[in-house]
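For reference, the structure I am asking about is given below.
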Amino acid sequence: MTTTNPESIPRSEALSEAQTQARAKLVWLRPGKKKVIAVGGLKGGVGKSTMSVFVALVYAVHYGLRVLLVDADPLSQTAYDWHRLAKKKGDPLPFDIETWPHARVGQRVLDDTDGYDVVVIDCGGESSDIFGSAVAVCDQVLFVTSPRKAEMRRIKGSLDGALSAARDRIAEIDAYVVFTRVKNARGSHNEAARDLVRGAGYDLLGSEVPDLVDYEDAMETCPKDLGHYLNLVETLEVAA
Ligand SMILES: Nc1ncnc2c1ncn2[C@@H]1O[C@H](COP(=O)(O)OP(=O)(O)OP(=O)(O)O)[C@@H](O)[C@H]1O
Ligand SMILES: [Mg+2]
């Protein structure tokens with residue numbers, strides 16, 4: 001992994017008190033270390049790009065870190081468009097964006113992300129080559145899905161397939177299934193979906209995102225409220 005320029009860690013006097021306190025909980029944070037998170041998942045609008053944007057936002061706003069979001073989805077450039085349109089409307093997102101929608105994305109992250117503390121890669125859901133390339137250079141994987149029956153039916157095959165590219169590294173990285181767009185969280189169908197993921201041998205992140213119109217409306221804006229994604233990132237940090 002390339003070394004981050006120590007200057008990339010913003011000087012402590014530029015941080016708010018809340019950001020300083022939040023940072024103290026990041027055990028990995030030190031000059032020269034960069035955290036890479038690969039976000040992948042099933043095809044179709046399960047919420048991967050929304051998850052990627054909010055996770056990047058949490059690291060930028062709550063922790064005051066320098067963040068790059070990489071849109072590596074070869075089919076739809078939702079993250080890139082979100083970033084571009086928010087900026088055009090005068091409401092820019094507080095992190096940078098690159099579009100690297102190809103299987104060399106992992107190498108680009110190694111070679112061309114000096115100066116960032118956190119890199120989030122939205123891998124889309126179409127290409128196991130792209131996902132594998134990102135997973136090969138990442139510290140953590142979020143496999144995003146909604147606990148709907150149709151998605152649960154294919155989850156084991158999809159997870160096995162998607163993560164097989166990274167089989168050699170799977171012991172070194174933390175890979176989590178994350179539920180988003182959850183309706184009626186306490187419903188028995190959701191409990192069955194959680195059991196199914198755990199039964200298939202995967203770690204289910206203990207923090208979920210509900211299906212809320214606020215998150216749907218967030219697209220193409222810079223959300224002012226980090227919502228459930230703050231707790232999700234905090235859970236990810238504790239789980240690491
Ligand atoms: N937590 C949520 N609550 C409600 N709506 C959501 C939530 N997350 C995402 N959405 C909405 O679901 C739709 C799909 O979301 P998104 O584009 O993030 O999914 P995706 O998995 O990246 O899709 P694609 O496969 O097309 O890249 C969008 O309309 C988005 O606003
Ligand atoms: Mg997407």
Side-chain angles (χ1 to χ4, degrees), residues 37-58 68-86 89 91 93 95 97-103 105 119-131 133-135 138 141-155 158-159 161-163 176-187 189-190 193-194 197 204-236:
I37 301 172
V39 180
L42 304 168
K43 283 188 214 187
V46 290
K48 300 178 293 292
S49 297
T50 305
M51 177 76 64
S52 304
V53 167
F54 270 94
V55 167
L57 192 65
V58 170
L68 174 69
L69 176 60
V70 177
D71 190 333
D73 188 335
L75 273 196
S76 51
Q77 269 80 55
T78 307
Y80 176 74
D81 288 343
W82 185 332
H83 194 277
R84 187 174 55 83
L85 292 168
K89 289 175 188 165
D91 192 19
L93 289 158
F95 51 81
I97 185 96
E98 293 281 359
T99 43
W100 295 332
H102 44 67
V105 58
V119 178
V120 179
I121 311 171
D122 177 1
C123 302
E126 296 291 329
S127 161
S128 54
D129 287 349
I130 291 176
F131 191 54
S133 169
V135 167
C138 78
V141 176
L142 293 178
F143 196 90
V144 183
T145 185
S146 70
R148 312 265 186 283
K149 258 190 188 160
E151 271 124 38
M152 284 301 107
R153 215 174 285 134
R154 52 198 177 118
I155 190 150
S158 304
L159 275 166
L163 294 174
Y176 302 99
V177 176
V178 186
F179 281 168
T180 188
R181 307 206 61 180
V182 179
K183 289 182 178 162
N184 184 15
R186 294 210 179 86
H189 62 291
N190 285 325
R194 293 180 191 108
V197 170
L204 181 66
L205 197 71
S207 179
E208 301 178 353
V209 180
D211 192 271
L212 294 178
V213 80
D214 287 358
Y215 297 131
E216 204 169 335
D217 285 348
M219 217 169 252
E220 300 171 15
T221 72
C222 176
K224 301 298 168 265
D225 188 345
L226 302 173
H228 294 78
Y229 292 93
L230 173 56
N231 185 255
L232 189 143
V233 171
E234 286 176 338
T235 305
L236 195 60

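Numbering starts at 1 and runs along the sequence shown. Both counts, for ligands and for their atoms, begin at 1 and track the order of listing.
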Going by the atom numbers of ligand 1, which of them fall below 4.0 Å from some non-hydrogen atom of Asp73?
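It comes down to these atoms of ligand 1: 27 (O).
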Are Pro210 and ligand 1 in contact, using a heavy-atom cut-off of under 4.0 Å?
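Pro210 counts as a contact of ligand 1 under the 4.0 Å cut-off.
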Protein contact to atom 29 (O) of ligand 1 [nearest heavy atom, distance to 0.1 Å]:
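Sorting protein heavy atoms by distance from atom 29 (O) of ligand 1 puts Glu216 CG, 4.1 Å first.
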What residue and atom, counting heavy atoms only, is the protein's closest point to atom 18 (O) of ligand 1, and at what distance?
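That would be Thr50 OG1, 2.6 Å.
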Going by the side-chain contact (heavy atoms from CB on, under 4.5 Å) test, name the single residue among Asn231, Val233, Leu57, Leu232 that passes it with Leu226.
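Among Asn231, Val233, Leu57, Leu232, the one meeting side-chain contact (heavy atoms from CB on, under 4.5 Å) with Leu226 is Leu57.
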At their closest point, which heavy atom of Leu68 faces which heavy atom of Val70, and how far apart are they?
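Shortest heavy-atom contact: CD2-CG2, 3.8 Å.
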Under 4.0 Å from any heavy atom of Met219, which atoms of ligand 1 are there?
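Selected atoms, number and element: 17 (O), 28 (C), 30 (C), 31 (O).
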Measure the distance from atom 19 (O) of ligand 1 to every protein heavy atom, then report the residue, atom name and distance (to 0.1 Å) of the closest one.
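Ranked first by proximity to atom 19 (O) of ligand 1 is Gly47 N, 3.0 Å.
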Phe54 vs Tyr229 aromatic rings, parallel, tilted or perpendicular, using cut-offs 30° and 60°?
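Answer is parallel, since the angle falls under 30°.
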Using every non-hydrogen atom in the two residues, find where Asp225 and Gly227 come nearest and quote the distance to one decimal.
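That would be OD1-N, 2.8 Å.
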If I compare all heavy atoms of Ser49 with all of Thr78, which pair ends up nearest, and what's the gap?
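Nearest pair, atom of Ser49 first, then Thr78: OG-CB, 3.6 Å.
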In this structure, does ligand 1 have an atom that sits under 4.0 Å from one of the heavy atoms of Gly125?
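Not so, Gly125 does not reach ligand 1.
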Quickly, which of Pro210, Ser146, Pro147 forms a side-chain contact (heavy atoms from CB on, under 4.5 Å) with Arg181? Name it, please.
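Of Pro210, Ser146, Pro147, side-chain contact (heavy atoms from CB on, under 4.5 Å) with Arg181 is met by Ser146 alone.
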Heavy atom of the protein closest to atom 26 (O) of ligand 1 (residue, atom name, distance)
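So the nearest neighbour among protein heavy atoms is Ser76 OG, 3.7 Å.
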For Asp214, give me all partners under salt bridge (Lys or Arg N to Asp or Glu O under 4.0 Å), at least two apart in sequence or on another chain.
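Applying salt bridge (Lys or Arg N to Asp or Glu O under 4.0 Å) to Asp214 gives none.
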Please list the nearest protein heavy atom to atom 2 (C) of ligand 1 with its residue and the distance rounded to 0.1 Å.
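Checked against all protein heavy atoms, atom 2 (C) of ligand 1 sits closest to Tyr215 CB, 3.6 Å.
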Backbone, side chain, both or neither: what part of Ser49 comes under 4.0 angstrom of ligand 1, heavy atoms only?
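Answer for Ser49: both.
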What's the verdict on side chain to side chain contact (heavy atoms under 4.5 Å, CB included) for Asp71 and His83, showing C-alpha distance, side-chain angles and the deciding distance?
CA-CA 10 Å; Asp71 190 333; His83 194 277; over 6 Å; no
Which heavy-atom pair separates Ile130 from Ala103 by the least distance, and what is that distance?
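In terms of heavy atoms, the two residues are closest at CG1-N, 3.9 Å.
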Assess the residue pair Phe179 and Val197 against the criterion (side chain to side chain contact (heavy atoms under 4.5 Å, CB included)); give the C-alpha distance rounded to whole Å, side-chain angles, the decisive distance to 0.1 Å, and a yes or no.
CA-CA 10 Å; Phe179 281 168; Val197 170; 3.9 Å; yes
How does Thr180 reach ligand 1, by side chain, by backbone, by both or by neither, if only non-hydrogen atoms under 4.0 Å count?
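Contact part for Thr180 vs ligand 1: side chain (C-beta onward).
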Under 3.5 Å donor-acceptor, Asp122 side chain and Leu69 backbone
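Judged by distance alone, no pair lies under 3.5 Å.
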Quick check: does Thr78 get an N/O under 3.5 Å from an N/O on ligand 1?
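It does not: no N or O of Thr78 is found under 3.5 Å from an N or O of ligand 1.
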Quick one: does Gly124 get within less than 4.0 Å of ligand 1, heavy atoms only?
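Contact check Gly124 vs ligand 1: negative.
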Might you point out which heavy atoms bring Ala134 and Ile121 nearest each other, and give the distance in Å?
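Answer, listing the atom of Ala134 first, then Ile121: CB-CD1, 3.8 Å.
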Got the closest protein heavy atom to atom 4 (C) of ligand 1, with its distance?
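Looking at atom 4 (C) of ligand 1, the protein heavy atom closest to it is Leu212 O, 3.0 Å.
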Heavy-atom donor-acceptor pair, Ser133 side chain to Asp129 backbone, under 3.5 Å
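No: the side chain of Ser133 does not pair with the backbone of Asp129.
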Lys48 and ligand 1 - part of the residue with a heavy-atom distance under 4.0 Å:
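Both backbone and side chain.
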What is the total of protein N/O/S atoms that are closer to the Mg ion (ligand 2) than 2.8 Å?
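Atoms of protein N, O or S type lying less than 2.8 Å from the Mg ion (ligand 2) total 1.
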Nearest protein heavy-atom contact for atom 23 (O) of ligand 1: which residue, which atom, what distance?
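Protein heavy atom with the smallest distance to atom 23 (O) of ligand 1: Gly45 CA, 3.3 Å.
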Side chain or backbone, does Gly44 bring an N or O within less than 3.5 Å of an N or O on ligand 1?
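By distance alone, the answer is yes.
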Starting from atom 13 (C) of ligand 1, what is the nearest protein heavy atom, named by residue and atom, and what distance separates them?
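Result: Arg181 NH1, 3.7 Å.
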What verdict does the side chain to side chain contact (heavy atoms under 4.5 Å, CB included) test give for Asp91 and Lys224, after you've listed the backbone C-alpha separation in whole Å, the side-chain angles of each residue and the deciding distance to 0.1 Å?
CA-CA 10 Å; Asp91 192 19; Lys224 301 298 168 265; 2.9 Å; yes
Taking only heavy atoms of Val209 into account, list the atoms of ligand 1 that are under 4.0 Å away from them.
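It comes down to these atoms of ligand 1: 1 (N).
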Dump the intermediate steps for side chain to side chain contact (heavy atoms under 4.5 Å, CB included) on Tyr176 and Leu204, then the final yes or no.
CA-CA 5 Å; Tyr176 302 99; Leu204 181 66; over 6 Å; no
